[in-house]
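Below is one structure; the comments refer to it alone.
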Amino acid sequence: MNTALVTSAVILLAVVVIEAQRGITVLLVNLPAQARLSFSTASVTFPDADPTSTPLVASVPVDLTISVRARVQTNSQVTLTVQSTDDLRSGVTVLPASLITWTVTGSGFTGGTLSRSAPQLVGRWTGSGVRVGAQNYRFENRWTHPVGIYSATLVYTLASP
Amino acid sequence: MRKTLWKVGLSTAAVVLLSSSAAYAQLATQNINATAVVAARGRITLTGAINFPDTDPFGNPTIDAAPLTVQALARVAPGASVSLTVQAGGNFVSGTDQIPIGNLSWSSAGAGYNATGTMSSATAQPVGNWTGPGANNGSQTYTLLNDWAYAPGNYSVTLTYTLTSP
């Protein structure tokens, strides 16, 4: 008799559990487009060098590691560009921003020449994801450059349609 | 005819709308500072050798050496003066015999180069003067007075070129 009661209880419990599994849960997750851009350093420097022996001066640090995180619509393009706010300036002395060029490592990243008039492509990808690469900046070193400490601000922009 | 024109107008409007919807939206921006250090530097490059072959002084009172190519590279401040000078270490010497260094002169070609000059061991002689940074290319042709009074011998002297800027 006791055994029959226990059995009934077990069956009843199982039924209850099965009923619970039939419940419908709707999970609503809102994922807006988001992006984050980070760099291994906030500045790059081109040290002085002899233009004859070093016509192209590598930046210090050599590698500017770039981390691009983008959450966008499926198949949407994501582009990373860089533009100088101005030419290289040392007081009233000016050197063209185009003296700075770069090569890259990393999938989707591309080499280029700096410009103050138009953003230049650094990388292009499709869809969401994390992309990591490196830029290696170089400065064209000439005897005709007037002495000075030249600076410019490079603006990186991550965009998607 | 009018209907066809209207269709063209609609198609154009649709293209414009598609284009505007494909504009890129900025997701993130970041700035990096770039600095280039350009310090004062200079370099002199002399290409060629100055040799005066033996010749009869009667027919050749002077001897010309082959032109010496001179390149004076200077990276200086805008408007800064740059000067190139040459000075002999002494007279021409062959054992105990000497030829006065003042018997050596030159003519030059190239922007900023002095047209002529006479060598001295006492003071540096100007070869060229320029303003601001740049590559100053030219040539010098040395001439030696070929005098009957010279004792036979192989004479030599060291010439020192100096590039300066204030």
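Given the structure is predicted, the values throughout are model-derived calculations rather than measurements. Residue numbering restarts at 1 for every chain, and letters A, B, ... go by the order of the sequence lines.
Listed by sequence position, A/F139, A/N141, A/R142, A/W143, A/T144, A/H145 are the residues of residues 133-145 of chain A in contact with chain B, using a 4.5 angstrom heavy-atom cutoff. Residues of residues 133-140 of chain B lying within less than 4.5 angstrom of chain A, judged on heavy atoms, are B/P133, B/G134 in numerical order.
Side-chain contact between A/T79 and B/Y24 is present, with heavy atoms from C-beta onward closer than 4.5 Å. Taking 4.5 Å as the limit, every side-chain heavy atom of A/S38 sits out of range of all side-chain heavy atoms of B/Q30. At a threshold of 4.5 Å between non-hydrogen side-chain atoms, the residues B/T35 and A/F46 do not count as touching. Side-chain contact between A/T52 and B/L73: present, with at least one pair of heavy atoms (C-beta onward) separated by less than 4.5 Å. Between A/F39 and B/I32, some side-chain heavy-atom pair lies under the 4.5 Å cut-off. Looking only at side-chain heavy atoms (C-beta outward), A/D50 and B/R43 come within less than 4.5 Å of each other.
Residue contact with chain B, scored on non-hydrogen atoms closer than 4.5 Å, is absent for A/L80. Of the atoms belonging to A/T93, it is side-chain heavy atoms, and not backbone ones, that fall under 4.5 Å from chain B.
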Original post:
Can you check side chain to side chain contact (heavy atoms under 4.5 Å, CB included) on A/Y150 and B/V38, steps first, answer last?
Top reply: CA-CA 8 Å; A/Y150 297 85; B/V38 176; 3.8 Å; yes
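Atom CG of B/L27 is separated from atom CD of A/Q34 by 10.0 Å, given to the nearest 0.5 angstrom. Atom OG1 of A/T153 and atom CG of B/N33 lie 4.5 Å apart (nearest 0.5 Å).
Counting heavy-atom pairs closer than 4.5 Å to chain A, the top residue among B/P78, B/G79, B/A80 is B/P78. Ranked by heavy-atom pairs under 4.5 Å with chain B, the first of A/A152, A/S160, A/S151 is A/S160.
The neighbour count for B/D97 CG, taken as heavy atoms of other residues, nucleotides or ligands under 6.0 Å away, is above 12. Around the CD1 atom of A/I149, the shell of radius 6.0 Å holds no more than 12 heavy atoms that belong to other residues, nucleotides or ligands.
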